[in-house]
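Just so it is clear, the model here is predicted, and its values are computed rather than measured. Start at 1 and go down the list; that is how both ligands and their atoms are numbered. No hydrogens, no waters, no symmetry mates; every other heavy atom, side chains included, goes into these values.
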Amino acid sequence: MKTLCVNLGKASYPIHIGPDLLQQPQWILPHLAQPTAVIVTNTTVGPLYVSTLQGTLSQAGVHTLVITLPDGEAHKTRTALNQIHDDMLAHRCERKTTVIALGGGVIGDVAGFAAATYLRGIPLIQIPTTLLAQVDSSVGGKTGINHPLGKNLLGAFHQPALVLADTSTLDTLPEREFRSGVAEIIKYGLIRDLPFLHWLDQHLDALMARHPETLAQAIERSCSNKAEVVAEDEFETTGARALLNLGHTFGHAIETGAGYGVWLHGEAVAAGTLLAADLSHRLGWLAHADLALIEALMRRAGLPLQAPNLGPERYLELMASDKKVAAGAIRYVLLERLGQAKLTAQVDPALVQQILTPGRGRFISQTSTLGPAPESLV
Ligand code: NAD
Ligand code: GLY
């Protein structure tokens, strides 16, 4: 097992990464303020892992309530949030009750938001069970739900007391979901860790084959990157944390525009990253060879290489709801070079129009299909 730390002064917390952690109460118990917890999960993850976690906790004398939400991005809504709050109130959960989010990023975000708002904020533990959640969403305290007008527009910063990434849970993760997580891993290399990008280029095939040592290294290096950024800019005020949003301005527009759940988050981030890379290339920042390397990584990871053709106007309309918009201007995370990202609003609108126009943009689909390409759906 490997332990990393998110350094936030008194609010610092560990990230434990390793196999079979759900069976080991010693990692969770020190972080419970009292021996009661609410496990929030969904109809897919619950049947796989709740009984193990509940068994581990009950043997240690911890009483648990389980709240099971419907599965899917389409359920990252006020309705799900209400269900958690209603059940917790009905069971008289208290300020020292801990919410344990057991699932992927959707469960982590919505359960985290419930913990942030219940009785003005109660303790939270993240137990991520997707690759994406283990390398990204469980770390850093961003919680929230979607709105019909845009992704994650309602939420709060609420740091967990612990992140427990049990890598054994990835054994049951479907291939398409695994690929989606790889998009966020590639992101860290692109925005701030060139040696990791080169490592990924060398080890991507082993990673896609889920070679245990390679997978563990990729998760650890990703979490270490994320922890450093969060420690530097917890509330996304200095611009450092915003760089984690490479591909997300376009990606969130894809997810909202196609309908929540049609594109997986990581798939939309992959296509959005290619659009951002194309824009960076047209600004003269990225060389043609750099663009080719990013495209090759996405291809080898089985991720979509073409964003859906929503039309430039619809993209711009959706991106106008992005949380990074400042003084009405869309701010893009672009790549000055491989391993170095930059947040900027200084982008010629004509270039944005070009990359989003079929036949002109290299990574925009020529067809009118809204879903990701079939080869990325295996
Ligand atoms: P997800 O939570 O929908 O999980 C993907 C699918 O895998 C679901 O069907 C889920 O039930 C299933 N699943 C989860 N664990 C499993 C397991 N071990 N075995 C079998 N099936 C399993 O999606 P995700 O990719 O984990 O997360 C995407 C969400 O995370 C998006 O809503 C995105 O906005 C959010 N996100 C948040 C942050 C953040 O910082 N808070 C960062 C990145 C992404
Ligand atoms: N996933 C982006 C962030 O946590 O800031």
Side-chain angles (χ1 to χ4, degrees), residues 6 22 40-50 52-53 68-77 80 101-113 116 124 126-146 150-160 163 165-185 187-188 191 222-223 225-227 229-230 232-237 239-249 251-252 254-256 260-261 263-270 323-324 333:
V6 183
L22 284 183
V40 180
T41 189
N42 71 22
T43 48
T44 303
V45 179
L48 292 168
Y49 299 112
V50 156
T52 305
L53 179 60
T68 306
L69 303 176
D71 187 8
E73 185 73 40
H75 295 285
K76 194 172 152 183
T77 58
L102 176 71
V106 169
I107 286 295
D109 280 11
V110 71
F113 192 28
L124 169 69
Q126 292 277 4
I127 304 191
T129 62
T130 62
L131 182 59
L132 186 141
Q134 293 190 357
V135 300
D136 190 350
S137 61
S138 63
V139 178
K142 279 191 182 176
T143 72
I145 56 174
N146 298 328
K151 279 272 299 176
N152 300 337
L153 292 184
L154 308 170
F157 286 98
H158 189 62
Q159 297 293 343
V163 177
D166 181 340
T167 50
S168 303
T169 61
L170 300 181
D171 291 349
T172 54
L173 192 67
E175 194 56 31
R176 188 179 168 201
E177 299 294 347
F178 187 87
R179 292 173 177 186
S180 178
V182 174
E184 299 279 21
I185 294 177
K187 172 187 81 178
Y188 294 113
I191 62 169
S222 298
C223 283
N225 270 292
K226 177 107 190 217
V229 174
V230 170
E232 187 185 337
D233 181 18
E234 180 180 1
F235 297 110
E236 204 167 309
T237 47
R241 185 164 183 169
L243 301 183
L244 292 171
N245 269 312
L246 176 69
H248 288 58
T249 306
H252 284 164
I254 293 170
E255 288 184 85
T256 309
Y260 295 129
W263 282 67
L264 299 185
H265 179 69
E267 292 170 345
V269 166
K323 291 188 290 308
K324 290 184 295 305
V333 180

Trace of the side chain to side chain contact (heavy atoms under 4.5 Å, CB included) decision for K323 with K151
CA-CA 9 Å; K323 291 188 290 308; K151 279 272 299 176; 5.8 Å; no
Salt bridge (charged side-chain N to carboxylate O under 4.0 Å, His left out) filter on E236, not counting sequence neighbours, yields K142
Under 4.0 Å from ligand 1 - residues by heavy atom, chain and number:
N42, T44, V45, L48, Y49, D71, E73, K76, G104, G105, V106, D109, T129, T130, L132, D136, S137, K142, K151, N152, T169, T172, L173, P174, E177, E184, K226, H265
Applying side chain to side chain contact (heavy atoms under 4.5 Å, CB included), run through T256 and N146 and close with a yes or a no.
CA-CA 9 Å; T256 309; N146 298 328; over 6 Å; no
Can you check whether A133's main-chain N or O pairs, donor with acceptor, with S138's side chain at less than 3.5 Å?
yes
In chain order, what residues pass the salt bridge (charged side-chain N to carboxylate O under 4.0 Å, His left out) check against D136, with sequence neighbours excluded?
K187, K226
First-shell residues of ligand 2 [heavy atom, distance under 4.0 Å]:
D136, K142, K226, E236, R241, L244
Given V333 and H248, is the side chain to side chain contact (heavy atoms under 4.5 Å, CB included) satisfied, shown in steps?
CA-CA 8 Å; V333 180; H248 288 58; over 6 Å; no
OG1 (T77) and CG (L69) are apart, to the nearest 0.5 Å, by 8.5 Å
Can you name the one residue among I127, D166, T41 that meets side chain to side chain contact (heavy atoms under 4.5 Å, CB included) with L53?
I127
T43 backbone acceptor or donor facing T68 side chain under 3.5 Å:
no
